[in-house]
Amino acid sequence: MALNKAPAGTGGTLLMLPGDGIGPEVMAVARRAIDWFGARGRFSFEVEEDLVGGASYDAHGAPLTDGTLDKALAADAVLFGAVGGPKWDGLDFSLKPERGLLGLRKEMGLFANLRPASVFPALADASSLKAGLVSGLDIVIVRELTGGVYFGEPRGVEDIGGGERRGVNTLVYTTPEIRRVGRVAFELARKRDGRVCSVDKANVLEATLLWREEMAGLGAEEYPDVALSHMYVDNAAMQLVRDPGQFDVIVTTNMFGDILSDCAAMLTGSLGMLPSASLGAEKDGRTPALYEPVHGSAPDIAGKDLANPLAMVSSVSMMLRYSFGLREDADLLDAAVSGLLSSGLRTADIMQDGKTEVSTGAMADALIGELDRRAARG
Ligand code: IPM
Ligand code: MG
(Lines give C-alpha, C1' and ligand atoms only; values in the text may rest on other atoms or scores of the structure.)
(Ligands and ions follow the chains in the order given, each with its own letter.)
Protein backbone atom coordinates (compact mmCIF):
# COMPACT_ATOMS: atom_id res chain seq x y z
CA MET A 1 0.00 0.00 0.00
CA ALA A 2 1.24 3.43 -0.87
CA LEU A 3 -0.74 5.10 1.90
CA ASN A 4 1.66 7.03 4.10
CA LYS A 5 4.59 6.13 1.92
CA ALA A 6 7.70 8.13 2.76
CA PRO A 7 8.39 11.14 0.55
CA ALA A 8 10.00 10.03 -2.66
CA GLY A 9 12.05 13.19 -2.93
CA THR A 10 11.25 16.01 -5.20
CA GLY A 11 10.87 14.21 -8.48
CA GLY A 12 9.09 11.47 -10.25
CA THR A 13 7.74 10.40 -13.59
CA LEU A 14 4.18 11.07 -14.48
CA LEU A 15 2.15 9.88 -17.42
CA MET A 16 -0.86 12.00 -18.35
CA LEU A 17 -3.59 10.31 -20.34
CA PRO A 18 -6.30 12.93 -21.03
CA GLY A 19 -8.47 10.60 -23.14
CA ASP A 20 -11.79 11.71 -24.62
CA GLY A 21 -14.64 14.15 -24.12
CA ILE A 22 -13.95 16.55 -21.28
CA GLY A 23 -10.81 14.56 -20.35
CA PRO A 24 -8.39 16.89 -22.18
CA GLU A 25 -10.04 20.02 -20.75
CA VAL A 26 -9.84 18.90 -17.15
CA MET A 27 -6.35 17.45 -17.66
CA ALA A 28 -5.18 20.86 -18.87
CA VAL A 29 -6.19 22.23 -15.48
CA ALA A 30 -4.32 19.43 -13.69
CA ARG A 31 -1.30 20.33 -15.78
CA ARG A 32 -1.50 23.97 -14.75
CA ALA A 33 -1.68 22.98 -11.10
CA ILE A 34 1.33 20.66 -11.43
CA ASP A 35 3.27 23.32 -13.32
CA TRP A 36 2.45 25.81 -10.59
CA PHE A 37 4.13 23.58 -8.02
CA GLY A 38 6.99 22.87 -10.40
CA ALA A 39 7.63 26.57 -11.05
CA ARG A 40 7.94 27.17 -7.32
CA GLY A 41 10.48 24.40 -6.98
CA ARG A 42 8.21 22.45 -4.65
CA PHE A 43 8.73 19.37 -6.80
CA SER A 44 9.32 18.62 -10.43
CA PHE A 45 7.84 15.80 -12.38
CA GLU A 46 8.98 14.49 -15.68
CA VAL A 47 5.63 14.63 -17.42
CA GLU A 48 4.76 12.67 -20.52
CA GLU A 49 1.44 12.77 -22.27
CA ASP A 50 -0.14 10.12 -24.46
CA LEU A 51 -3.40 9.03 -26.05
CA VAL A 52 -5.90 6.59 -24.61
CA GLY A 53 -9.47 5.50 -25.35
CA GLY A 54 -11.23 6.81 -28.43
CA ALA A 55 -8.42 9.29 -29.12
CA SER A 56 -5.96 6.40 -29.25
CA TYR A 57 -8.32 4.36 -31.41
CA ASP A 58 -8.59 7.22 -33.89
CA ALA A 59 -4.82 7.61 -34.09
CA HIS A 60 -3.65 4.00 -33.77
CA GLY A 61 -6.67 1.72 -34.19
CA ALA A 62 -6.53 0.56 -30.56
CA PRO A 63 -7.79 2.12 -27.31
CA LEU A 64 -4.51 1.28 -25.56
CA THR A 65 -1.29 0.64 -27.47
CA ASP A 66 1.61 -1.44 -26.14
CA GLY A 67 3.74 1.70 -26.19
CA THR A 68 1.33 3.59 -23.95
CA LEU A 69 0.98 0.62 -21.64
CA ASP A 70 4.77 0.38 -21.33
CA LYS A 71 4.95 4.06 -20.39
CA ALA A 72 2.20 3.55 -17.80
CA LEU A 73 4.03 0.58 -16.30
CA ALA A 74 7.25 2.58 -16.08
CA ALA A 75 5.75 5.76 -14.63
CA ASP A 76 5.60 6.49 -10.89
CA ALA A 77 1.98 7.51 -11.39
CA VAL A 78 -0.59 7.83 -14.14
CA LEU A 79 -3.09 10.67 -14.31
CA PHE A 80 -6.13 9.69 -16.31
CA GLY A 81 -8.90 11.94 -17.66
CA ALA A 82 -11.87 10.08 -19.10
CA VAL A 83 -12.69 7.83 -22.04
CA GLY A 84 -15.64 7.11 -24.30
CA GLY A 85 -18.31 8.86 -26.32
CA PRO A 86 -21.03 8.22 -28.89
CA LYS A 87 -18.52 8.48 -31.71
CA TRP A 88 -17.15 5.05 -30.80
CA ASP A 89 -20.44 3.36 -29.85
CA GLY A 90 -20.47 1.10 -32.89
CA LEU A 91 -17.02 -0.37 -32.32
CA ASP A 92 -16.41 -3.98 -31.47
CA PHE A 93 -16.24 -4.53 -27.73
CA SER A 94 -12.49 -5.17 -27.79
CA LEU A 95 -11.88 -1.78 -29.42
CA LYS A 96 -14.19 0.39 -27.35
CA PRO A 97 -12.52 3.33 -25.54
CA GLU A 98 -13.43 1.82 -22.16
CA ARG A 99 -11.18 -1.14 -22.92
CA GLY A 100 -8.26 1.28 -22.70
CA LEU A 101 -9.04 2.04 -19.07
CA LEU A 102 -9.90 -1.55 -18.20
CA GLY A 103 -6.68 -2.71 -19.86
CA LEU A 104 -4.61 -0.27 -17.80
CA ARG A 105 -6.29 -1.38 -14.59
CA LYS A 106 -5.69 -5.04 -15.39
CA GLU A 107 -2.15 -4.77 -16.74
CA MET A 108 -0.99 -2.42 -13.98
CA GLY A 109 -2.62 -4.71 -11.40
CA LEU A 110 -4.66 -1.85 -9.90
CA PHE A 111 -6.88 -3.99 -7.71
CA ALA A 112 -7.90 -1.36 -5.16
CA ASN A 113 -9.92 1.67 -6.20
CA LEU A 114 -10.35 4.33 -3.51
CA ARG A 115 -13.28 6.63 -4.11
CA PRO A 116 -13.73 9.17 -1.35
CA ALA A 117 -17.06 10.94 -1.16
CA SER A 118 -16.76 13.88 1.16
CA VAL A 119 -18.90 16.95 1.17
CA PHE A 120 -17.30 20.37 0.94
CA PRO A 121 -19.14 22.54 3.50
CA ALA A 122 -19.78 25.12 0.79
CA LEU A 123 -21.55 22.49 -1.31
CA ALA A 124 -23.83 20.83 1.23
CA ASP A 125 -26.76 22.65 -0.41
CA ALA A 126 -25.87 21.35 -3.88
CA SER A 127 -26.60 17.77 -2.88
CA SER A 128 -29.88 16.30 -4.03
CA LEU A 129 -30.35 15.25 -0.41
CA LYS A 130 -31.16 17.67 2.41
CA ALA A 131 -28.06 19.49 3.60
CA GLY A 132 -28.55 18.09 7.09
CA LEU A 133 -28.13 14.54 5.79
CA VAL A 134 -24.90 15.17 3.94
CA SER A 135 -23.05 17.92 5.75
CA GLY A 136 -19.83 16.56 7.18
CA LEU A 137 -20.17 13.43 5.06
CA ASP A 138 -16.87 11.59 4.69
CA ILE A 139 -17.05 8.12 3.15
CA VAL A 140 -14.47 6.15 1.21
CA ILE A 141 -15.60 3.40 -1.11
CA VAL A 142 -12.91 0.81 -1.71
CA ARG A 143 -13.89 -0.89 -4.93
CA GLU A 144 -12.26 -4.11 -6.12
CA LEU A 145 -11.04 -3.21 -9.60
CA THR A 146 -9.41 -6.08 -11.46
CA GLY A 147 -11.78 -8.99 -10.84
CA GLY A 148 -15.42 -9.90 -10.56
CA VAL A 149 -17.90 -9.80 -13.39
CA TYR A 150 -15.88 -7.16 -15.24
CA PHE A 151 -13.16 -9.67 -16.03
CA GLY A 152 -14.62 -13.15 -15.35
CA GLU A 153 -14.54 -15.86 -18.01
CA PRO A 154 -16.42 -17.13 -19.90
CA ARG A 155 -17.80 -13.97 -21.40
CA GLY A 156 -19.24 -12.91 -24.70
CA VAL A 157 -22.26 -13.15 -26.97
CA GLU A 158 -22.87 -16.29 -28.97
CA ASP A 159 -25.38 -17.44 -31.56
CA ILE A 160 -27.67 -20.13 -30.28
CA GLY A 161 -29.46 -20.70 -33.56
CA GLY A 162 -32.84 -19.64 -34.85
CA GLY A 163 -31.69 -16.03 -34.99
CA GLU A 164 -31.27 -15.98 -31.22
CA ARG A 165 -28.24 -15.16 -29.12
CA ARG A 166 -26.95 -15.70 -25.62
CA GLY A 167 -24.92 -13.15 -23.64
CA VAL A 168 -22.68 -14.38 -20.82
CA ASN A 169 -20.58 -12.77 -18.11
CA THR A 170 -19.13 -14.52 -15.12
CA LEU A 171 -18.89 -13.30 -11.55
CA VAL A 172 -15.83 -14.87 -9.99
CA TYR A 173 -13.72 -14.08 -6.92
CA THR A 174 -10.93 -15.98 -5.24
CA THR A 175 -9.72 -15.83 -1.63
CA PRO A 176 -6.57 -13.79 -2.42
CA GLU A 177 -8.48 -11.32 -4.60
CA ILE A 178 -10.94 -10.68 -1.78
CA ARG A 179 -8.38 -10.53 1.01
CA ARG A 180 -5.95 -8.14 -0.67
CA VAL A 181 -8.62 -5.52 -1.31
CA GLY A 182 -10.04 -6.21 2.15
CA ARG A 183 -6.66 -5.34 3.68
CA VAL A 184 -6.66 -2.00 1.89
CA ALA A 185 -10.08 -1.22 3.35
CA PHE A 186 -9.16 -2.32 6.88
CA GLU A 187 -5.87 -0.39 6.83
CA LEU A 188 -7.69 2.70 5.64
CA ALA A 189 -10.35 2.35 8.34
CA ARG A 190 -7.60 2.24 10.97
CA LYS A 191 -6.53 5.72 9.88
CA ARG A 192 -10.11 6.96 9.88
CA ASP A 193 -13.09 6.10 12.05
CA GLY A 194 -12.25 2.39 12.38
CA ARG A 195 -15.32 1.03 10.61
CA VAL A 196 -15.63 -1.13 7.49
CA CYS A 197 -18.91 -2.09 5.85
CA SER A 198 -18.48 -4.92 3.36
CA VAL A 199 -21.17 -4.90 0.67
CA ASP A 200 -22.22 -8.06 -1.16
CA LYS A 201 -25.22 -10.02 -2.38
CA ALA A 202 -24.44 -13.09 -0.29
CA ASN A 203 -28.10 -14.09 -0.14
CA VAL A 204 -28.14 -14.82 -3.87
CA LEU A 205 -24.62 -14.97 -5.35
CA GLU A 206 -22.17 -17.65 -4.18
CA ALA A 207 -19.15 -15.62 -5.27
CA THR A 208 -20.20 -12.86 -2.92
CA LEU A 209 -21.04 -15.29 -0.12
CA LEU A 210 -17.36 -16.20 -0.37
CA TRP A 211 -16.65 -12.45 -0.32
CA ARG A 212 -18.55 -12.10 2.95
CA GLU A 213 -16.91 -15.14 4.55
CA GLU A 214 -13.40 -14.03 3.57
CA MET A 215 -13.97 -10.46 4.78
CA ALA A 216 -15.26 -11.82 8.08
CA GLY A 217 -12.27 -14.17 8.39
CA LEU A 218 -9.78 -11.43 7.53
CA GLY A 219 -11.37 -9.04 10.00
CA ALA A 220 -11.32 -11.56 12.82
CA GLU A 221 -7.77 -12.76 12.13
CA GLU A 222 -5.93 -9.52 11.29
CA TYR A 223 -8.12 -6.55 12.17
CA PRO A 224 -10.04 -7.30 15.37
CA ASP A 225 -9.74 -3.59 16.25
CA VAL A 226 -11.77 -2.53 13.21
CA ALA A 227 -15.58 -2.74 13.43
CA LEU A 228 -16.74 -4.83 10.47
CA SER A 229 -20.33 -4.99 9.28
CA HIS A 230 -21.90 -6.60 6.22
CA MET A 231 -24.69 -5.30 4.04
CA TYR A 232 -26.51 -6.52 0.95
CA VAL A 233 -25.98 -4.22 -1.98
CA ASP A 234 -29.65 -3.33 -2.45
CA ASN A 235 -29.86 -2.28 1.17
CA ALA A 236 -26.55 -0.39 0.84
CA ALA A 237 -27.93 1.61 -2.09
CA MET A 238 -30.95 2.49 0.01
CA GLN A 239 -28.90 3.31 3.11
CA LEU A 240 -26.58 5.58 1.09
CA VAL A 241 -29.47 7.89 0.28
CA ARG A 242 -31.36 7.36 3.56
CA ASP A 243 -28.55 7.94 6.05
CA PRO A 244 -25.13 8.21 4.36
CA GLY A 245 -23.48 9.43 7.56
CA GLN A 246 -23.57 5.88 8.98
CA PHE A 247 -20.69 4.80 6.70
CA ASP A 248 -16.95 5.16 7.13
CA VAL A 249 -15.21 2.76 4.71
CA ILE A 250 -17.26 0.65 2.31
CA VAL A 251 -15.50 -2.27 0.61
CA THR A 252 -17.19 -4.01 -2.28
CA THR A 253 -16.91 -5.84 -5.58
CA ASN A 254 -16.02 -4.29 -8.90
CA MET A 255 -19.54 -3.86 -10.23
CA PHE A 256 -21.25 -2.98 -6.96
CA GLY A 257 -18.50 -0.42 -6.38
CA ASP A 258 -19.06 1.06 -9.82
CA ILE A 259 -22.72 1.61 -9.07
CA LEU A 260 -22.50 2.68 -5.43
CA SER A 261 -19.69 5.14 -6.11
CA ASP A 262 -21.80 7.08 -8.62
CA CYS A 263 -24.54 7.18 -6.03
CA ALA A 264 -22.14 8.33 -3.30
CA ALA A 265 -20.68 10.92 -5.66
CA MET A 266 -24.05 12.52 -6.17
CA LEU A 267 -24.46 12.88 -2.41
CA THR A 268 -21.56 15.30 -2.53
CA GLY A 269 -23.41 17.62 -4.89
CA SER A 270 -21.81 16.65 -8.14
CA LEU A 271 -20.11 13.80 -9.85
CA GLY A 272 -17.74 16.54 -10.99
CA MET A 273 -16.25 16.75 -7.49
CA LEU A 274 -15.07 13.19 -6.91
CA PRO A 275 -11.47 12.05 -7.36
CA SER A 276 -10.20 8.48 -7.18
CA ALA A 277 -7.02 6.51 -6.74
CA SER A 278 -6.41 3.04 -8.16
CA LEU A 279 -3.55 1.22 -6.50
CA GLY A 280 -1.71 -2.04 -7.06
CA ALA A 281 0.54 -4.16 -4.92
CA GLU A 282 3.84 -2.67 -3.77
CA LYS A 283 6.83 -4.30 -5.37
CA ASP A 284 10.46 -3.25 -4.94
CA GLY A 285 9.33 -0.11 -3.14
CA ARG A 286 7.04 0.99 -5.94
CA THR A 287 3.25 0.97 -5.92
CA PRO A 288 1.56 1.15 -9.32
CA ALA A 289 -1.01 3.91 -9.22
CA LEU A 290 -3.50 5.64 -11.46
CA TYR A 291 -5.54 8.67 -10.47
CA GLU A 292 -8.73 9.71 -12.21
CA PRO A 293 -11.87 11.70 -11.63
CA VAL A 294 -14.93 9.48 -11.13
CA HIS A 295 -16.96 11.43 -13.69
CA GLY A 296 -16.92 10.19 -17.25
CA SER A 297 -16.12 11.87 -20.53
CA ALA A 298 -19.42 13.85 -20.59
CA PRO A 299 -19.50 14.12 -24.40
CA ASP A 300 -22.54 16.43 -24.25
CA ILE A 301 -20.47 19.25 -22.77
CA ALA A 302 -17.06 18.36 -24.23
CA GLY A 303 -15.16 21.21 -25.82
CA LYS A 304 -17.54 23.85 -24.42
CA ASP A 305 -15.40 25.04 -21.51
CA LEU A 306 -18.17 23.95 -19.13
CA ALA A 307 -16.61 20.95 -17.37
CA ASN A 308 -15.91 20.97 -13.67
CA PRO A 309 -12.14 20.44 -13.31
CA LEU A 310 -12.17 20.04 -9.53
CA ALA A 311 -12.42 16.24 -9.43
CA MET A 312 -9.34 16.14 -11.64
CA VAL A 313 -7.55 18.65 -9.41
CA SER A 314 -8.47 16.57 -6.35
CA SER A 315 -7.13 13.51 -8.17
CA VAL A 316 -3.81 15.34 -8.48
CA SER A 317 -3.95 15.97 -4.76
CA MET A 318 -4.53 12.27 -4.07
CA MET A 319 -1.55 11.50 -6.30
CA LEU A 320 0.73 13.92 -4.45
CA ARG A 321 -0.37 12.40 -1.15
CA TYR A 322 -0.35 8.69 -1.95
CA SER A 323 2.28 8.23 -4.66
CA PHE A 324 4.77 10.89 -3.68
CA GLY A 325 4.20 11.52 0.02
CA LEU A 326 3.89 15.26 -0.71
CA ARG A 327 1.37 15.88 2.02
CA GLU A 328 1.87 19.61 2.42
CA ASP A 329 1.41 20.21 -1.28
CA ALA A 330 -1.67 18.00 -1.34
CA ASP A 331 -3.07 19.91 1.65
CA LEU A 332 -2.42 23.19 -0.14
CA LEU A 333 -4.21 22.00 -3.25
CA ASP A 334 -7.17 20.72 -1.21
CA ALA A 335 -7.37 24.00 0.67
CA ALA A 336 -7.31 25.91 -2.61
CA VAL A 337 -10.23 23.85 -3.94
CA SER A 338 -12.22 24.49 -0.76
CA GLY A 339 -11.33 28.16 -0.99
CA LEU A 340 -12.65 28.41 -4.54
CA LEU A 341 -15.95 26.91 -3.47
CA SER A 342 -16.21 29.11 -0.38
CA SER A 343 -15.62 32.16 -2.54
CA GLY A 344 -18.75 31.22 -4.48
CA LEU A 345 -17.27 30.07 -7.79
CA ARG A 346 -19.23 27.28 -9.44
CA THR A 347 -19.09 25.47 -12.74
CA ALA A 348 -22.50 24.82 -14.28
CA ASP A 349 -22.90 21.35 -12.76
CA ILE A 350 -22.83 22.69 -9.20
CA MET A 351 -24.30 26.14 -9.86
CA GLN A 352 -26.59 27.48 -7.12
CA ASP A 353 -28.59 30.67 -6.63
CA GLY A 354 -26.43 33.58 -5.58
CA LYS A 355 -23.17 31.98 -6.71
CA THR A 356 -20.95 32.91 -9.62
CA GLU A 357 -21.01 30.59 -12.61
CA VAL A 358 -17.62 30.18 -14.26
CA SER A 359 -16.15 28.25 -17.16
CA THR A 360 -13.53 25.52 -16.86
CA GLY A 361 -10.84 27.98 -17.88
CA ALA A 362 -11.98 30.64 -15.41
CA MET A 363 -12.02 28.06 -12.62
CA ALA A 364 -8.45 27.14 -13.56
CA ASP A 365 -7.37 30.79 -13.46
CA ALA A 366 -9.02 31.16 -10.08
CA LEU A 367 -7.28 28.03 -8.83
CA ILE A 368 -3.89 29.42 -9.75
CA GLY A 369 -4.80 32.73 -8.10
CA GLU A 370 -5.90 30.90 -4.96
CA LEU A 371 -2.64 28.89 -4.87
CA ASP A 372 -0.66 32.13 -5.26
CA ARG A 373 -2.56 33.80 -2.44
CA ARG A 374 -2.22 30.86 -0.09
CA ALA A 375 1.48 30.40 -0.87
CA ALA A 376 2.12 34.11 -0.25
CA ARG A 377 0.45 33.80 3.13
CA GLY A 378 2.86 30.95 3.87
C1 IPM B 1 -15.84 3.95 -13.66
C2 IPM B 1 -16.38 3.87 -15.04
C3 IPM B 1 -15.72 2.70 -15.75
C4 IPM B 1 -16.12 1.44 -15.00
C5 IPM B 1 -16.01 2.58 -17.25
C6 IPM B 1 -15.67 3.84 -18.00
C7 IPM B 1 -15.28 1.40 -17.85
O8 IPM B 1 -17.77 3.78 -15.01
O9 IPM B 1 -14.61 4.05 -13.51
O10 IPM B 1 -16.62 3.92 -12.70
O11 IPM B 1 -17.20 0.88 -15.23
O12 IPM B 1 -15.34 1.00 -14.17
MG1 MG C 1 -18.60 4.09 -13.08
Mark yes or no for whether Arg327, through its side chain, and Leu320, through its backbone, hold a donor-acceptor pair below 3.5 Å.
no
May I ask you to test the Val199-Cys197 pair for a side-chain heavy-atom distance under 4.5 Å?
yes
Please tell me if the side chains of Leu188 and Val140 come closer than 4.5 Å, counting only heavy atoms from C-beta onward.
yes
Between Lys201 and Glu206, is there a side-chain N and carboxylate O pair less than 4.0 Å apart?
no
Is the shortest heavy-atom distance from the side chain of Arg190 to the side chain of Asp225 under 4.5 Å?
yes
Can you get from Val47 to Leu371 by hopping between Ile, Leu, Val, Met, Phe, Trp and Tyr side chains that sit under 4.5 Å apart?
yes
Under the side chain to side chain contact (heavy atoms under 4.5 Å, CB included) rule, what do Leu332 and Arg42 come out as? Steps first, then yes or no, please.
CA-CA 12 Å; Leu332 177 62; Arg42 297 182 73 118; 3.9 Å; yes
Here the ring-ring contact (aromatic ring centres under 6.0 Å, His included) pairs for residues 16-37, sequence neighbours left out, are Phe37-Phe43
Test side-chain hydrogen bond (donor to acceptor under 3.5 Å, both in side chains) applied to Glu357 - qualifying residues, sequence neighbours left out:
none
Looking only at heavy atoms, what is the nearest atom pair of Ala62 and Ser56, with distance?
O-OG, 2.5 Å
Tell me whether Ser198 contacts the main-chain N or O of Arg212 through its side chain, where contact means a donor paired with an acceptor under 3.5 Å.
no
Going by chain and number, the hydrophobic cluster around Leu51 (ILVMFWY, side chain to side chain under 4.5 Å) further includes none
Using modelled atom types and a 3.5 Å cut-off, is there a donor and acceptor pairing between side-chain atoms of Ser297 and backbone atoms of Gly84?
yes
Under the 3.5 angstrom rule, does the side chain of Ser127 hit a backbone N or O of Leu129 as a donor-acceptor pair?
yes
Could you go step by step and tell me if Asp329 and Arg321 meet the salt bridge (Lys or Arg N to Asp or Glu O under 4.0 Å) rule?
CA-CA 8 Å; Asp329 301 293; Arg321 203 179 295 283; over 6 Å; no
Under 4.5 Å between side-chain heavy atoms, hopping through other hydrophobics if needed: is there a path connecting Tyr57 to Met27?
no
Minimal non-hydrogen separation, Gly280 against Phe111, with atom names
C-CE2, 3.6 Å
Val181 and Val251: which non-hydrogen atoms are nearest, and at how many Å?
O-CG2, 4.1 Å
Report yes or no: does Asp248 contribute a side-chain atom to a donor-acceptor pair with the main-chain N or O of Gly194 at less than 3.5 Å?
yes
Would Lys304 and Glu25 pass as an ion pair if we require N to O under 4.0 Å?
no
Does the side chain of Asp334 pick up a donor-acceptor pair with the side chain of Ser317 at under 3.5 Å?
yes
Check against salt bridge (Lys or Arg N to Asp or Glu O under 4.0 Å), Lys87 and Asp20
CA-CA 10 Å; Lys87 181 176 174 194; Asp20 310 320; over 6 Å; no
Ile250 versus Val142: any side-chain heavy-atom pair under 4.5 Å?
no
Minimum heavy-atom separation for Arg99 to Pro63, with atom names?
CB-CG, 4.0 Å
Connected to Ile160, directly or through other members, by ILVMFWY side-chain contacts below 4.5 Å are none
Indicate yes or no: does Asp193 engage Arg195 in a salt bridge with an N to O separation below 4.0 Å.
yes
Contacts of Tyr150 that satisfy ring-ring contact (aromatic ring centres under 6.0 Å, His included) - sequence neighbours left out
none
Quick one, His230 and Leu228 - any side-chain contact, counting heavy atoms below 4.5 Å?
yes
Can you list the other members of the hydrophobic cluster that holds Leu17, where links are side-chain heavy atoms under 4.5 angstrom apart?
Leu15, Val52, Leu64, Leu69, Leu73, Val78, Phe80, Val83, Leu101, Leu104, Met108, Leu110, Leu290
Answer whether the closest heavy-atom distance between the side chains of Phe45 and Asp76 falls below 4.5 Å.
no
Does the Lys71 side chain pair with the main chain of Asp50, one donor and one acceptor, at a distance under 3.5 Å?
no
Arg192 bridged to Asp138 by N-O distance under 4.0 Å:
yes
Is atom CG of Asp66 surrounded by more than 12 heavy atoms (other residues, nucleotides or ligands) closer than 6.0 Å?
no
Are Met273 and Met266 in one and the same hydrophobic cluster, where Ile, Leu, Val, Met, Phe, Trp and Tyr link if side-chain heavy atoms are under 4.5 Å apart?
no
With side chains defined as the heavy atoms from C-beta onward, is the minimum distance between Glu214 and Leu218 less than 4.5 Å?
no
Report the residues that fulfil salt bridge (charged side-chain N to carboxylate O under 4.0 Å, His left out) with Glu370, sequence neighbours left out, ordered by chain and then residue number.
Arg373, Arg374
Do Val172 and Leu102 belong to the same hydrophobic cluster, where Ile, Leu, Val, Met, Phe, Trp and Tyr are linked whenever their side-chain heavy atoms lie under 4.5 Å apart, directly or via other members?
no
Would you call Lys355 and Met351 a side-chain contact if the rule is heavy atoms closer than 4.5 Å?
yes
Taking the basic N atoms (NZ, or NE/NH1/NH2) and the acidic carboxylate oxygens, is any pair closer than 4.0 Å for Asp372 and Arg40?
yes
Tell me the salt bridge (Lys or Arg N to Asp or Glu O under 4.0 Å) pairs involving residues 252-271, sequence neighbours left out?
Arg143-Asp258
Sequence neighbours excluded - ring-ring contact (aromatic ring centres under 6.0 Å, His included) pairs with any residue from residues 158-213:
Tyr173-Trp211, Phe186-Tyr223
What pairs meet the ring-ring contact (aromatic ring centres under 6.0 Å, His included) rule with one or both residues in residues 244-280, with sequence neighbours excluded?
none
Can you list the residues that meet the side-chain hydrogen bond (donor to acceptor under 3.5 Å, both in side chains) rule with Asp70, with sequence neighbours excluded?
none
Can you name the nearest heavy-atom pair linking Glu144 to Glu177, along with the distance?
CG-O, 4.4 Å
Carefully, step by step, assess Arg183 and Glu222 under the rule salt bridge (Lys or Arg N to Asp or Glu O under 4.0 Å).
CA-CA 9 Å; Arg183 282 192 187 95; Glu222 297 179 30; 2.9 Å; yes
Please give the remaining members of the hydrophobic cluster of Leu306, linking ILVMFWY side chains under 4.5 Å, ordered by chain and number.
Ile22, Ile301
Smallest separation among heavy atoms of Ala307 and Val26, with atom names
CB-CG1, 4.0 Å
